[in-house]
There are 2 protein chains.
Amino acid sequence: MLATNVRPLFEEAPALSDCSGLLGLFDRSPIEHLSAGRNIFFEGDRAEHVFAVREGNLRICRQLHDGRRVITGFLSSGDIVGVSFQNRYLHSVEALDNVAFQRLTKVSFDKELIARPDLRHALLSKLCDEVAVAQDQMVLLSCKSAEERLCAFLLARLQSSVSQGGEPNVIWLPMTRLDIAHYLGLTIETVSRTITKLAGQGILSADRRHEILVLRKAALQQRAGEGSAEADDSLDGTVRHVRL
Amino acid sequence: MLATNVRPLFEEAPALSDCSGLLGLFDRSPIEHLSAGRNIFFEGDRAEHVFAVREGNLRICRQLHDGRRVITGFLSSGDIVGVSFQNRYLHSVEALDNVAFQRLTKVSFDKELIARPDLRHALLSKLCDEVAVAQDQMVLLSCKSAEERLCAFLLARLQSSVSQGGEPNVIWLPMTRLDIAHYLGLTIETVSRTITKLAGQGILSADRRHEILVLRKAALQQRAGEGSAEADDSLDGTVRHVRL
DNA sequence: CGAGCCATTGACGACTCTCAAGAATAGTGG
DNA sequence: CCACTATTCTTGAGAGTCGTCAATGGCTCG
């Protein structure tokens, strides 16, 4: 087992992005809508459906027994969530804004998958991707400072914003500062202070609440510490050698 | 995408444990040996094989550009590592003691999988499990104190030790304190101090370096935060309520 | 316009890291 | 078998980062 954690009985995963052909499976499902603050499902619910996000943004939360909340990820258009081999969801998924999504029962999702080897491969591949992302986040949480965490997060959001058709230097943040804090393992105050500091250094400008302007991307990358492979300006498919 | 991290080009996974039928695939592979400190493979190596651990213990490491090291997991007998959809490994795997393992080329691993739907399902299931474990670790790193982290870690190792046939209250630790620290996102000093503190409270006894005796499992669970409901009882009848 | 949420900013304190030294253990060679 | 060395672990003192508590300000919405 990768980590030494005790969760022998659970096998759930996760949220899958950019799900190539997989999204096609949902084509015949009706579109459902959700307003900000509402959940697609809750932690502990019986896991009977798989969902595809079509519009809007969501957060994936887990609750600790003492009330602490952790955000393990964010979702947006094109992501799939709820894929699972267990019968209960391990996390809640909550809308950050107006969301449109489609659903498929796990049973029919499985059936389609059996019939389509290409999609099975896509799913497997996306699952591997998912693990890599989770491990990246582990590294981030393991040993990065508040500034490094925030810079890494902002760069990731920048890429996401751009790939969804935004300006090349504008970060769109559908989530609140508190969400960011819960995602990065920080407090809202630290997130706020760090943003202020970066703004003071002329690296970015955060006039609006949900929009951050990147002024010096290179500085941001430097402070993110090891952007590793994606250090460069991405977007093109050129894979660079990652040596350390 | 679950996390907002930027790793669009990588899809690797992970280490799979308790790999039901999957282990059978390696039956015809010769057994290879490795002594402590040696690697099965390094981060950045071309990913051409999948490996099954037969004996001994290993650690999974990632290196940051500035030299910081993170341990993302530990492996032992029955675990599979190297499953990947990318052509380079994202982490190193290094022996903690004398290790015996077998290998299979990715190509033949894939071939076998195509022929065996049951194994495909097992793999998918294990991948989901893997993600769940990684997310548990994210939660731990996100918002748990040093004491909570260590207690959770020790409980997991206890379970692992017991399931491998050890005494019900003895934790076997094949790794060093530094490894534990790098796994939990702490320093070696903090790990050491925390163990000393727990020993001072009569919760455990750590006379030997690689062996910890659990004296009050219930207290350990309580301090792990969210070990949740499974009541203690533990080892002796005298279960005392321990508040923090 | 007031209520409520969200974000910012400040002061303070605690937890953990850093630096440093010493003790215990393991490994090596005589 | 016993020094001798190297590594690992423990313990201490001090510092720094980040969390906690608290107050203020800005935005949104009824």
(request) Nearest 0.5 Å please: distance from the CD1 atom of I80(A) over to the CG atom of L75(A). (result) 11.0 Å

(message) Do V70(A) and C143(B) have side chains that approach each other closer than 4.5 Å (heavy atoms only, starting at C-beta)?
(response) yes

(request) Would you check if N98(B) and H33(B) make a side-chain contact, meaning some heavy-atom pair closer than 4.5 Å? (result)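 Not in contact.
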
(message) Which nucleotide wins on minimum distance to the side chain of I188(B), given the candidates dA13(D), dT16(C), dT10(D)?
(response)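 Closest nucleotide among those given: dT10(D).
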
(message) Side chain of S192(A), heavy atoms from C-beta onward: which of dT16(C), dT9(C), dC9(D) has the nearest atom to it?
(response) dT9(C)

Under-3.5 Å N/O pairs linking protein and nucleotides 25-30 of chain D:
none

Output the rounded distance in Å from [atom1] ([X]) to [atom2] ([N]).
X: M175(B); N: dT7(D); atom1: CE; atom2: P; result: 21 Å
X: E211(B); N: dT25(C); atom1: CD; atom2: C1'; result: 15 Å
X: I180(B); N: dT10(D); atom1: CD1; atom2: C1'; result: 14 Å
X: E189(B); N: dG14(D); atom1: CD; atom2: P; result: 16 Å
X: D97(B); N: dA26(C); atom1: CG; atom2: P; result: 15 Å
X: R208(A); N: dA7(C); atom1: CZ; atom2: C1'; result: 17 Å
X: L173(B); N: dT8(D); atom1: CG; atom2: P; result: 15 Å
X: L178(B); N: dT18(C); atom1: CG; atom2: P; result: 12 Å

(request) State which residue, out of D179(A), T72(A), T176(A), fulfils the side-chain hydrogen bond (donor to acceptor under 3.5 Å, both in side chains) condition with R59(A). (result)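 It is D179(A), the one option of D179(A), T72(A), T176(A) that forms the side-chain hydrogen bond (donor to acceptor under 3.5 Å, both in side chains) with R59(A).
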
(message) Tell me whether E148(B) is salt-bridged to R223(B), with the criterion being a basic N under 4.0 Å from an acidic carboxylate O.
(response)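 Salt bridge flag = no for R223(B) with E148(B).
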
(message) What's I195(B) touching, base or sugar-phosphate or nothing? Going by heavy atoms closer than 4.0 Å.
(response)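 No contact at all - I195(B) keeps every heavy atom at 4.0 Å or more from the nucleic acid.
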
(request) Give a yes or no answer on whether the side chain of T194(A) reaches the backbone of E147(A) with a donor-acceptor pair at less than 3.5 Å. (result)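 Side chain of T194(A) to backbone of E147(A): no pair is present.
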
(message) Quick check on DNA chain C: between T176(A) and G185(B), whose nearest nucleotide comes earlier from the 5' end?
(response)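 Here T176(A) is the residue nearer the 5' end.
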
(message) Is there, by distance only and without an angle test, a donor paired with an acceptor across the side chain of R193(A) and the base of dT20(D) below 3.5 Å?
(response)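 Such a pair is found, so the answer is yes.
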
(message) Tell me whether the side-chain N/O atoms of T190(B) come closer than 4.0 Å to OP1 or OP2 in dT16(C).
(response) no

(message) Using OP1 and OP2 only, check whether a side-chain N or O of T196(B) sits under 4.0 Å from dT11(D).
(response)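 T196(B) to dT11(D) OP1/OP2: side-chain N or O found under 4.0 Å.
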
(request) Measure centre to centre between the rings of Y89(A) and F42(A), then say whether the value is under 6.0 Å. (result)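 No: the rings miss the under 6.0 Å criterion.
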
